[in-house]
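Just so it is clear, the structure is predicted and the values come from calculations on it, not from any experiment.
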Amino acid sequence: MVKQIGGELLVSGQRFALVASRFNEFITSRLIDGATDCLLRHGATEDNITVVWVPGAWEIPVVSARLAASGSYDGIICLGAVIRGSTGHYDQVASEVSKGVARVGLTSGLPVIFGVLTCDTIEQAIERAGTKAGNMGFKAAQSAIEMVNLYAKLPKSK
């Protein structure tokens, strides 16, 4: 039989950091609520969840890297909302934040989950922060829980 490895959706003492962008806070706060709800429903305690606010999405990767290097967390959940405006600023921010979060995950040895909404309109962001499309903060936390448990089962890096 082929060996299969997977992660469970159960928190038992693991510590999570939520790195949240203050820009578009009315959306980000809903994502935080969803992520926190998910973590608590799956066994986390409030003492094992830390929310770290950053000014905007641009700052999410550098703060995530610092938190990962601290050794204080088992998983990091990055939350924010980048909404297209009338300039090209959106393209640069959305691209660099996604690359930066991926880089932190690849270099830190920790699950670093991308829960940053990149939307064309404010309506799309609202839909993904708890209305029609569910809450992407909740879904990001589910991914974080599963990945933390999966990492615990994988061989250690040399």
Would you check if Leu67 and Val52 make a side-chain contact, meaning some heavy-atom pair closer than 4.5 Å?
-> yes

Answer yes or no: is there a side-chain heavy-atom contact under 4.5 Å between Ile113 and Phe16?
-> no

Looking only at atom types and distance, does a side-chain atom of Lys153 sit under 3.5 Å from a main-chain N or O of Gly7, one as donor and one as acceptor?
-> no

So do the side chains of Arg30 and Ile126 get within less than 4.5 Å of each other, counting heavy atoms only?
-> yes

Linked, directly or transitively: Ile77 and Phe138 (ILVMFWY side chains, under 4.5 Å) = no

Taking all non-hydrogen atoms of both residues, which atom of Leu31 and which atom of Gly115 are closest, and how far apart?
-> CD1-O, 3.9 Å

Working to the nearest 0.5 Å, report the span between CG of Leu150 and OG of Ser143.
-> 11.5 Å

Heavy-atom closest contact (Ala68 atom, Val104 atom, distance) | CB-CG1, 4.4 Å

Pairwise distance OG1(Thr50) to CG(Leu18) - rounded to 0.5 angstrom | 8.5 Å

Would you indicate whether the side-chain heavy atoms of Thr118 and Ser98 approach each other to under 4.5 Å?
-> no

Given side chains that start at C-beta, do those of Ser21 and Ile60 come closer than 4.5 Å, heavy atoms only?
-> yes

Is the backbone N or O of Ala81 less than 3.5 Å from a side-chain atom of Asn24, with the two atoms forming a donor-acceptor pair by type?
-> yes

Contact summary for Trp58 and Glu96, nearest pair of heavy atoms = CZ3-CB, 3.5 Å

Quick one: pull up OG in Ser70 and CD1 in Ile76 and give me the separation to the nearest 0.5 Å.
-> 7.0 Å

Leu39-Ile32 co-clustered via ILVMFWY side chain contacts under 4.5 Å | yes

Output the distance between atom OH (Tyr73) and atom OG (Ser64), rounded to the nearest 0.5 Å.
-> 11.0 Å

Shared hydrophobic cluster for Phe23 and Tyr90 (ILVMFWY, side-chain gaps under 4.5 Å) | no

Would you say Val51 and Met136 are hydrophobically clustered, going by side-chain heavy atoms of ILVMFWY under 4.5 Å?
-> yes

Of all the heavy-atom pairs spanning Asp120 and Arg84, show the shortest one and how long it is.
-> OD1-NE, 2.9 Å

Does Thr28 reach the side chain of Arg22, with side-chain heavy atoms less than 4.5 Å apart?
-> no

Is it true that Trp53 and Leu79 fall in one hydrophobic cluster, defined by side-chain heavy atoms closer than 4.5 Å?
-> yes

Can you measure from CG (Asp74) to CE (Met147) and round to the nearest 0.5 angstrom?
-> 13.5 Å

Do you know which of Asp37, Leu10, Leu9 makes side-chain contact (heavy atoms from CB on, under 4.5 Å) with His42?
-> Leu9

Basic-acidic side-chain contact under 4.0 Å: Glu59, Arg66 = no

Salt bridge check: are Asp47 and Arg15 linked by an N-O gap of less than 4.0 Å?
-> no

Value rounded to 0.5 Å, distance of CD1 in Ile27 from CD in Glu25 = 11.0 Å

Shortest non-hydrogen separation from Ile49 to Thr36 and the atoms involved = CD1-CG2, 4.3 Å

Non-hydrogen side-chain atoms of Asn149 and Gln14 separated by less than 4.5 Å | yes

Taking the side chain as C-beta and beyond, is there a heavy-atom pair between Lys139 and Arg128 under 4.5 Å?
-> no

Of all heavy-atom pairs between Val97 and Ala57, which one has the smallest distance, and what is that distance?
-> CG2-O, 3.2 Å

